[in-house]
Amino acid sequence: MLRWLIGFFFPGLMGRIETESRARQMQCPRCDYETSVWKAGGMRYLGLGTVYRFGRCPGCGKSGMLRVYKRADSAQP
């Protein structure tokens, strides 16, 4: 719902948010499963550094602290 609202009212901003969210990765410490924040249904914009967020891993299904970081091979803005 939030993606739709931002996309409807601010289409230019939504493009930048999507690009940044696709460059950010979420990694499970238990099974090392990794996916982009965007694919997991989240949004991350103008974030700096590595953060840890509580959530459920799509790979192993267990809840825990997921590492969110920017891929080293992503293009710098």
Colleague: Listing request: all side chain to side chain donor-acceptor pair (under 3.5 Å) pairs with a residue in residues 53-66, at least two apart in sequence or in separate chains.
Modeller: none

Colleague: Using the rule given for side-chain contact (heavy atoms from CB on, under 4.5 Å), can you reason through M43 versus R24, listing the C-alpha separation, both sets of side-chain angles and the distance that settles it, and then say yes or no?
Modeller: CA-CA 9 Å; M43 292 188 298; R24 295 282 175 170; over 6 Å; no

Colleague: With rounding to the nearest 0.5 Å, note down the distance linking CZ in R67 to CD in Q27.
Modeller: 5.0 Å

Colleague: Rounded to the nearest 0.5 Å, how far does CH2 of W38 lie from OG1 of T19?
Modeller: 9.0 Å

Colleague: Passes side-chain contact (heavy atoms from CB on, under 4.5 Å), S36 versus Q25? Steps please.
Modeller: CA-CA 4 Å; S36 74; Q25 297 294 306; 3.8 Å; yes

Colleague: Heavy atoms, side chains only, cut-off 4.5 Å: are P58 and Y33 in contact?
Modeller: yes

Colleague: Tracing side-chain links under 4.5 Å among I, L, V, M, F, W and Y, which residues wind up in one group with V37?
Modeller: M26, V51, L66, V68

Colleague: Enumerate the residue pairs fulfilling side chain to side chain donor-acceptor pair (under 3.5 Å) with a member in residues 43-52, sequence neighbours excluded, ordered by first and then second residue.
Modeller: R16-Y45

